[in-house]
Amino acid sequence: MSAEPDVIRKCMWPVCLMGLFVTGILSLDCNLLNVHLRRVTWQNLSLLRRMSKSFPIECLRESKAFELPQEILSHTQPLTRDIKEAFYEMSRQAFHIFIQDTFKSNWEEKHLRQVQIGLDQQLQYLEQCLEEEEENEDMREVAEDERTQSGTPVPQLSNLELRRYFNRIDRFLKDKKYSHCAWEIVRVEIRRCFYFFHKFTALLRRK
């Protein structure tokens, strides 16, 4: 008996899974965006913690301050759209960091892969919701009202500052030649970044 049908089924299975995944993304309700962001960000926090059993003591002397943007540290209340755009930029930059084929670490590969998948899914979801908002002309009018309300400017998250922050992380990895300690320091730093973004999901829920 020919084994060809079995081979075809094995080849088609990943394609079917991807089809289900894409369909799920396309059908997501943007009203539940905060629920999704909160769940995935918390999951990534947990995965980054479990990637490594403990921070190597010998890496402490190489620690560096990457200067996470002050708007994120202060946990202010920027516009809803600004939070979504900042989440998108953070997810994009973090995804770029974690897909680099330069790892010199003993991280659990399955955890790393789950972080990559979670960030990719988050990017697609955010892109869909931001595009839907752009199509709604009323959104621009609401944003202008929020910015001028009570004559007080509303704090805005700067994507430029976020890009500079992640550029500093990327440059640090390159300068350290992607050493084991460099990756451990970056793991801890991005986990810190995710922690502050997780707090922003509460602001999305209240808006």
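Listed for the Arg38 side chain is no donor-acceptor partner under 3.5 Å among the backbone atoms of Thr201. Proximity of a side-chain donor or acceptor of Ser46 to a complementary backbone N or O of Gln43 within less than 3.5 Å is not detected.
Separation of atoms CZ (Arg191) and CG (Leu47) is listed at 10.5 Å; rounding is to 0.5 Å. Interatomic distance, CD of Glu67 versus CZ of Arg164, reported as 11.5 Å (0.5 Å rounding). Rounded to the nearest 0.5 Å, atoms SG (Cys193) and CG (Leu48) are 10.5 Å apart. In this structure, OG in Ser179 is found 10.0 Å from CD in Glu184, a value given to the nearest 0.5 Å. Note: Ile190 CD1 to Ile185 CD1 = 12.5 Å, rounded to the nearest 0.5 Å. Put simply, CG on Asp29 and NE2 on His36 are 12.5 Å apart, with the number rounded to the nearest 0.5 Å.
Shortest non-hydrogen contact noted between His111 and Arg50 is ND1-O, 3.5 Å. Scanning both residues, Ser63 and Phe55, for their nearest heavy atoms gives OG-CZ, 4.5 Å. Of all non-hydrogen atoms in Cys30 and Gln128, the two that sit nearest each other are SG-NE2, 3.8 Å. Heavy atoms only, all atoms of each residue included: Leu126 and Ser91 are closest at CD1-OG, 4.1 Å. The minimum heavy-atom distance linking Phe194 with Thr41 is given by the pair O-CG2, 3.3 Å. Leu123 and Arg92 make their closest contact through CD2-N, 3.5 Å (heavy atoms, listed as atom of the first residue, atom of the second, distance).
Side chains of Gln100 and Ile97 form a contact here, defined as non-hydrogen atoms less than 4.5 Å apart.
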Go through Lys84 and Glu89 one step at a time and tell me if the side-chain contact (heavy atoms from CB on, under 4.5 Å) criterion holds. CA-CA 9 Å; Lys84 293 175 185 176; Glu89 186 64 34; over 6 Å; no
side-chain contact (heavy atoms from CB on, under 4.5 Å) for Phe95 and Val115? Distances and angles first, verdict last. CA-CA 8 Å; Phe95 183 72; Val115 170; over 6 Å; no
Before you tell me yes or no, could you show the steps for Phe66 and Arg192 under side-chain contact (heavy atoms from CB on, under 4.5 Å), namely the whole-Å CA-CA distance, both residues' side-chain angles and the distance that decides it to 0.1 Å? CA-CA 11 Å; Phe66 294 102; Arg192 175 172 172 263; over 6 Å; no
Go through Tyr165 and Glu189 one step at a time and tell me if the side-chain hydrogen bond (donor to acceptor under 3.5 Å, both in side chains) criterion holds. CA-CA 11 Å; Tyr165 165 72; Glu189 177 63 27; 2.6 Å; yes
For Lys176 and Cys181, what are the C-alpha separation, side-chain angles and deciding distance, and is it a side-chain contact (heavy atoms from CB on, under 4.5 Å)? CA-CA 8 Å; Lys176 296 294 183 178; Cys181 278; over 6 Å; no
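Surrounding OH of Tyr195 are at most 12 heavy atoms belonging to other residues, nucleotides or ligands under 6.0 Å away.
One finds a salt bridge joining Lys174 and Asp170 here, because a Lys/Arg side-chain nitrogen approaches an Asp/Glu carboxylate oxygen to under 4.0 Å.
When each of Met90, His96, Arg171 is tested with Phe166 by the rule side chain to side chain contact (heavy atoms under 4.5 Å, CB included), just one qualifies, namely Met90. Here the options are Val40, Leu32, Leu130, Leu37, the test is side chain to side chain contact (heavy atoms under 4.5 Å, CB included), and the partner is Tyr125; only Leu32 passes.
With ring centers used as reference points, Phe87 lies 6.0 Å or more from Phe200.
Side-chain atoms of Gln116 and Asp120 form no donor-acceptor pair, as typed in the model, at a separation below 3.5 Å. Side-chain N/O atoms of Tyr88 and Gln93 include no donor and acceptor closer than 3.5 Å.
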